[in-house]
K.L.:
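Here it is, the structure, as structure tokens.
Not measured: the values here are computed from a predicted model.
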Amino acid sequence: MLAELIAFQQADAAFPSGSFAFSNGIEGLAAHDPGLGEAELAKAVAAALDFRWAGTDRVALVLAHRAGPEALQQLAAVDAAVEAASLAEPMRIGSRRNGASLLAAHARLGTAGAAEMRAAVRAGTLHGHLATVQGALWRALGLDEEKAASIAGYGFAAGLTSAAVRLGLVGAIEAQRVLSGALPRIARILERPVEAHDDIVLTGFTPLIEIAAMRQAQAELRLFAN
């Protein structure tokens, strides 16, 4: 029961993870298509889950969870793979900044390994990508691999729908419909095994979302960091 409660805490939008500052490309899509509504948002969330989160962030999180926060060399290998897979600069920088925010919160809370990981990021040993940080720290909190990946998948989809609400693209009910529709997709993705290999290859690629994010990064006015 304690693990369940800790999971709720980490998934809570009120937890100071810094994720509220990142749209993960939704703002760029909205700038490209001002008429983006519920149906288009549902397609964007599905694409982001299938072609980004499933093959990149989820895999990195699981591998980081297996390593744990004390295995900095292994975490560095996972982090390097995320860096290589993040072709769009706004998404790459956003992942690092979001990871840094989460690390800072856990360091202040005294989570085991958070201070050491934060020092490694400052020293340049780690990039500190969000998925790497999530996997390592959630293991330190006693969450198992499945629970950690579930929280991350839910948070990824919820972050996209929440950004759409804040941008005025959809209302709260429409966003919840999109999120509800995404949950079975997340569940199916979570059933896929993550194999251990000497060389970490992450396969996520969402060109439309990434191009939109890069275009929006040049805008004078924007609500989100990416």
K.L.:
Below 4.5 Å, heavy atoms only, C-beta onward: do L36 and L167 meet side chain to side chain?
P.N.:
no
K.L.:
Rounded to the nearest 0.5 Å, how far apart are OG1 of T56 and CZ of F205?
P.N.:
11.0 Å
K.L.:
Counting only heavy atoms not in F15, do more than 12 sit closer than 6.0 Å to its CZ atom?
P.N.:
yes
K.L.:
Of all heavy-atom pairs between A157 and L179, which one has the smallest distance, and what is that distance?
P.N.:
CB-CD1, 3.8 Å
K.L.:
Could you give the distance from CG (L5) to CD (Q10), rounded to the nearest 0.5 Å?
P.N.:
12.0 Å
K.L.:
Is it the case that the side chains of T132 and R96 hold a donor-acceptor pair, with the cut-off being a distance below 3.5 Å and no angle test?
P.N.:
no
K.L.:
Quick check: does any side chain N or O of S101 sit under 3.5 Å from a backbone N or O of G18, one acting as donor and the other as acceptor?
P.N.:
no
K.L.:
If I compare all heavy atoms of P193 with all of R58, which pair ends up nearest, and what's the gap?
P.N.:
O-NH2, 4.4 Å
K.L.:
Are the side chain of Q176 and the backbone N or O of A172 linked by a donor-acceptor pair below 3.5 Å?
P.N.:
no
K.L.:
Are any side-chain N or O atoms of R118 and backbone N or O atoms of L103, one a donor and one an acceptor, separated by less than 3.5 Å?
P.N.:
no
K.L.:
I need the I151 CD1 to Q9 CD distance, nearest 0.5 Å.
P.N.:
10.0 Å
K.L.:
Hey, does the side chain of S150 reach the backbone of E146 with a donor-acceptor pair shorter than 3.5 angstrom?
P.N.:
yes
K.L.:
Would you compute the distance between atom CD of E4 and atom NZ of K147 and round it to the nearest 0.5 angstrom?
P.N.:
3.5 Å
K.L.:
Where is the tightest heavy-atom contact between A112 and A140, given as atom of each residue plus distance?
P.N.:
O-CB, 3.4 Å
K.L.:
Dump the intermediate steps for side chain to side chain contact (heavy atoms under 4.5 Å, CB included) on D57 and L130, then the final yes or no.
P.N.:
CA-CA 8 Å; D57 299 327; L130 178 62; over 6 Å; no
K.L.:
Which atom names give the shortest non-hydrogen contact between G153 and I186, and what distance separates them?
P.N.:
O-CD1, 3.4 Å
K.L.:
Do I209 and R52 touch side chain to side chain, with heavy atoms closer than 4.5 Å?
P.N.:
no
K.L.:
Just how far is it from atom NE2 of H127 to atom OG of S86, taken to the nearest 0.5 Å?
P.N.:
9.5 Å
K.L.:
For R139 versus H65, what's the shortest heavy-atom pair and its separation?
P.N.:
CD-O, 2.7 Å
K.L.:
Name all residues meeting the salt bridge (charged side-chain N to carboxylate O under 4.0 Å, His left out) criterion together with E40; count only those two or more places apart in sequence or in a different chain, and write none if there are none.
P.N.:
none
K.L.:
Applying side chain to side chain contact (heavy atoms under 4.5 Å, CB included) to L49 and I189, what does each step give before you reach the verdict?
P.N.:
CA-CA 8 Å; L49 285 168; I189 292 171; 4.1 Å; yes
K.L.:
Of V45, I173, V170, L160, which is the lone residue that meets side chain to side chain contact (heavy atoms under 4.5 Å, CB included) with V178?
P.N.:
V45
K.L.:
Please report the closest heavy-atom contact between I200 and A81, naming both atoms and the distance.
P.N.:
CG2-CB, 3.6 Å
K.L.:
Can you tell me how far the CD atom of E116 sits from the CG atom of L75, to the nearest 0.5 Å?
P.N.:
11.5 Å
